[in-house]
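First up is the structure itself, then whatever we jot down about it.
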Amino acid sequence: MSKVQGGMKCVKYLLFIFNFIFWLSGSVVLAVGLWLRFDPDTANLLAENDAPEHFFIAVYILIGAGGVMMLVGFFGCFGAVRESQCLLGSFFAFLLVIFGAEVAAGVFGFLNKEKIINDVQTYYESTLGNDNGTAIATIYHKVLDCCGTESSRPTELCTEASPNTDCVKAIEDFFNEKLFIIGYVGIGIAGIMIIGMIFSMVLCCAIRNSREVI
């Protein structure tokens, strides 16, 4: 019995430590999401009402996941300390739901990666042929350090002093970098959640077995 109690305490403290790390991870995810949403460069490129919104959909999912992770991590810590099967079971269920939502978001992001980039590229190219789009095109040139495309370099926007970088390629590189950040963060979260589900189930079983022994 002492071995069972000792093992249960070990799992209990491991789960508490894990949940604290999970809570910290949630705060990091939330911070990354907020940074991507309010990053001046990204905000300037997609500030107009008719700008593509697919990128921000992925960012909003990241922000929501970070907030939920912090909340779930807090309740997981509480459940581990109280040795409550109900709270630990709820913790497992929440992790499972978040994991499923994250997988769905990851599939959405993977399938729409090219569409996000193509939409922004098309939006930029449309501003070059629009007299009202000069201000928007200028923002793209300033943020991405580029000017025009391989087939079009408007003289009113691109001078001899302007960079020779193709803006279509610059847009692809810029958003690939941002989307990779979202992807890496998502993979890290998934790994952490799988570990959390394993620990919560082990502790639940240990609590049940100890009560049956008593």
Side-chain angles (χ1 to χ4, degrees), residues 24-70 98 101-192:
L24 288 177
S25 300
S27 64
V28 171
V29 172
L30 182 62
V32 170
L34 291 172
W35 169 69
L36 289 171
R37 175 59 185 86
F38 297 106
D39 173 44
D41 291 344
T42 309
N44 286 334
L45 295 182
L46 302 175
E48 298 300 317
N49 292 331
D50 55 345
E53 296 181 350
H54 291 89
F55 175 76
F56 281 142
I57 291 174
V59 172
Y60 290 139
I61 292 173
L62 202 63
I63 292 172
V68 173
M69 282 176 67
M70 292 181 70
I98 296 171
E102 185 179 296
V103 170
V107 171
F108 170 82
F110 179 77
L111 294 178
N112 288 277
K113 176 175 171 286
E114 295 300 326
K115 177 174 175 53
I116 292 171
I117 294 172
N118 289 336
D119 283 351
V120 179
Q121 290 172 333
T122 302
Y123 176 68
Y124 166 74
E125 289 176 326
S126 70
T127 65
L128 295 179
N130 187 345
D131 293 336
N132 297 325
T134 303
I136 299 172
T138 301
I139 292 173
Y140 275 73
H141 297 165
K142 181 179 178 181
V143 171
L144 301 175
D145 194 25
C146 63
C147 195
T149 66
E150 288 185 353
S151 59
S152 175
R153 279 178 63 88
T155 54
E156 65 273 15
L157 292 173
C158 303
T159 64
E160 292 183 1
S162 300
N164 293 321
T165 307
D166 177 9
C167 282
V168 171
K169 182 65 170 63
I171 289 169
E172 181 180 358
D173 293 341
F174 179 85
F175 282 96
N176 268 330
E177 179 185 351
K178 301 293 184 183
L179 291 169
F180 275 131
I181 290 173
I182 295 174
Y184 290 139
V185 170
I187 291 171
I189 296 170
I192 291 172

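We use all heavy atoms of the structure for the numbers below, so side chains are in, but hydrogens, waters and symmetry mates are not. Small disclaimer: the values here were computed from a predicted structure and weren't measured. For this chain, numbers begin at 1 and follow the sequence in order.
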Which of parallel (below 30°), tilted (30 to 60°) and perpendicular (above 60°) describes His141 and Tyr124? perpendicular
Any donor and acceptor pair, going by atom type alone, linking the side chain of Ser152 with main-chain N or O of Gly148 inside 3.5 Å? no
How about Cys147 and Cys158 - are their SG atoms less than 2.5 Å from one another? yes
Taking the side chain as everything from C-beta on, heavy atoms only, tell me whether Tyr60 gets closer than 4.5 Å to Arg37. yes
Answer yes or no: is there a side-chain heavy-atom contact under 4.5 Å between Glu150 and Val168? no
What heavy-atom pair brings Leu157 and Ser162 nearest, and what distance separates the two atoms? O-OG, 4.0 Å
Can you measure from CD1 (Ile171) to CG (Asn176) and round to the nearest 0.5 angstrom? 12.0 Å
Lys169 NZ to Leu144 CG distance, which is reported to the nearest 0.5 Å: 12.0 Å
Test of understanding: with side-chain contact (heavy atoms from CB on, under 4.5 Å), list the residues that count as partners of Lys142, not counting sequence neighbours. none
Are Tyr123 and Tyr140 close enough that some pair of their side-chain heavy atoms sits under 4.5 Å apart? yes
I want to check something: taking the side chain as every heavy atom from C-beta on, are Thr165 and Asp145 in contact at a cut-off of under 4.5 Å? no
Side-chain touch Met70/Val29, heavy atoms, less than 4.5 angstrom: no
Looking only at heavy atoms, what is the nearest atom pair of Cys146 and Asp166, with distance? CB-C, 4.3 Å
